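To keep things clear, I will list the structure first and then write my remarks on it.
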Number of protein chains: 2
Amino acid sequence: MELDSYDKKILKLLQQNNKISQRTLAENVNLSASAVNRRIASLEEHGIIKENVSIINPTKVGRPITIIVEVKIENERLDLLENDKKRFVNCPQVQQVYYVTGDFDFLLVLNVCDMEEYEQLTRELFFKADNIKGFKTIVVMQNAKQNLHVIVD
Amino acid sequence: MELDSYDKKILKLLQQNNKISQRTLAENVNLSASAVNRRIASLEEHGIIKENVSIINPTKVGRPITIIVEVKIENERLDLLENDKKRFVNCPQVQQVYYVTGDFDFLLVLNVCDMEEYEQLTRELFFKADNIKGFKTIVVMQNAKQNLHVIVD
DNA sequence: AGTGAAAGGTATTGGGG
DNA sequence: CCCCAATACCTTTCACT
């Protein structure tokens with residue numbers, strides 16, 4: 001799907017605030033509300049808009065700790081790798097799973113309420129599994145920016 | 001602010017899909033639509049709901065590359081540190097900025113369209129600045145999970 | 001705080017260019 | 001693909017429990 005300048009403006013606005021009304025959106029991009037409506041529907045159908053969500057402040061719901069983990073695996077055999085990946089992805093405390101190459105194989109970003117919760121998670125995620133060579137824990141001191149904005153232009 | 005079980009259910013649902021109507025939400029949590037309306041307003045006022053956004057699929061808008069950077073700084077003097085942080089935070093390609101302690105000082109997550117864009121960014125972010133001791137680039141092979149969900153219970 | 005109903009505002013669909 | 005207009009739906013407010 002090709003995005004024209006209308007679609008791009010709509011995306012730019014919606015990824016900052018998706019509660020903005022289609023009428024207001026329409027005024028901003030110089031289109032009618034129904035045109036905006038159809039474009040949004042199309043962007044969603046094509047998966048360009050992946051989801052519409054509220055972002056929660058983790059600190060305010062008692063989960064103030066962000067932890068980064070660099071994971072080294074033992075064996076890169078595809079089925080074992082997929083198995084590790086699934087375990088990470090299915091863990092609700094794990095927000096982000098990146099498969100990388102270099103000194104380590106996975107980088108994880110976790111959100112937890114305290115270090116005890118993290119310690120218990122390490123058992124499930126790393127110690128109980130037999131394809132993990134090692135992992136390095138990095139505790140985040142300050143979460144200076146955290147969003148999923150994509151440049152659209 | 002104390003969250004009761006109604007608030008928690010509402011938050012759980014909204015961080016999966018904030019386009020769900022308040023009436024549907026009300027049915028799910030066994031409250032009236034107006035009660036849900038007031039609770040959502042309160043959650044927003046208190047900053048528990050930080051923002052409402054559409055999440056864009058980066059690949060589908062021509063920005064398929066995620067890069068992780070570990071940054072070591074030269075001098076931890078507060079003003080220099082803040083200066084580095086601001087430079088990272090203000091860069092639109094930088095989605096996430098974590099200040100950490102250990103082998104490195106900042107971990108960044110970037111989204112770019114190609115390696116050339118990243119290379120140019122490194123000049124702005126790292127080479128032009130004189131408080132950067134070094135940085136390590138990790139190119140993400142596969143983005144297996146990426147969200148900002150927080151466990152609410 | 002919660003409810004239900006009324007009022008006001010939005011989203012969505014269909015006819016026509 | 002656009003606009004406009006009608007309808008259906010949703011949010012918001014208010015009086016009351």
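Within every chain, numbering begins at 1; the chains are lettered A, B, ... in the order of the sequence lines, protein sequences first and strands thereafter. All figures in this text were calculated on a predicted structure; none of them were measured in a lab.
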Per-pair distances, 0.1 Å, donor-acceptor, side chain in residues 120-128 of chain B, under 3.5 Å, sequence neighbours excluded:
unit_1	atom_1	unit_2	atom_2	d
B:Thr122	OG1	B:Glu119	O	2.4
B:Arg123	NH2	B:Glu119	OE2	2.9
B:Glu124	OE2	B:Lys128	NZ	3.1

What residues join A:Ile151 in its hydrophobic cluster, counting side-chain heavy atom gaps under 4.5 Å, either direct or through other members? none

Hydrophobic clusters join Ile, Leu, Val, Met, Phe, Trp and Tyr when side-chain heavy atoms are under 4.5 Å apart, directly or via other members; which others share one with B:Val109? A:Ile68, A:Tyr98, A:Val100, A:Phe104, A:Leu107, A:Val109, A:Ile138, A:Val140, B:Ile68, B:Tyr98, B:Val100, B:Phe104, B:Leu107, B:Ile138, B:Val140

Inter- and intrachain pairs under salt bridge (charged side-chain N to carboxylate O under 4.0 Å, His left out), touching residues 45-58 of chain B, at least two apart: none

Reading DNA chain D from 5' to 3', where do the contacts with chain B start and stop? Cut-off is 4.0 Å to heavy atoms. D:dC10 to D:dT13

Check whether any side-chain N or O of A:Gln95 sits under 3.5 Å from a backbone N or O of B:Gln146 as a donor-acceptor pair, and report yes or no. no

Residues from residues 46-53 of chain B sitting under 4.0 Å of DNA chain C, heavy atoms only?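 Heavy-atom cutoff 4.0 Å gives no residues at all.
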
Can you give one letter per nucleotide of nucleotides 12-17 of chain C, going 5' to 3': B for a protein heavy atom under 4.0 Å from the base, S for sugar-phosphate only, - for none? BB----

Enumerate the side chain to side chain donor-acceptor pair (under 3.5 Å) contacts for residues 107-118 of chain A, please, sequence neighbours excluded, ordered by first and then second residue.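 Residue pairs passing side chain to side chain donor-acceptor pair (under 3.5 Å), neighbours aside: A:Arg63-A:Glu117, A:Gln93-A:Glu117, A:Tyr118-A:Thr137.
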
Do A:Val112 and A:Val94 belong to the same hydrophobic cluster, where Ile, Leu, Val, Met, Phe, Trp and Tyr are linked whenever their side-chain heavy atoms lie under 4.5 Å apart, directly or via other members?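 Yes; tracing contacts between hydrophobic side chains, which count when under 4.5 Å, links both residues.
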
Partners meeting side chain to side chain donor-acceptor pair (under 3.5 Å) with [X] (sequence neighbours left out):
| X | answer |
| --- | --- |
| A:Glu70 | none |
| B:Glu82 | B:Lys85 |
| B:Arg38 | none |
| A:Asp105 | none |

Within this structure, what is the [atom1]-to-[atom2] distance between [X] and [N], rounded to whole angstrom?
| X | N | atom1 | atom2 | result |
| --- | --- | --- | --- | --- |
| A:Lys19 | C:dG9 | NZ | P | 19 Å |
| B:Arg23 | C:dA6 | CZ | P | 17 Å |
| A:Ile10 | C:dA11 | CD1 | C1' | 14 Å |
| B:Asn30 | C:dG4 | CG | C1' | 16 Å |
| A:Leu43 | C:dA11 | CG | C1' | 16 Å |

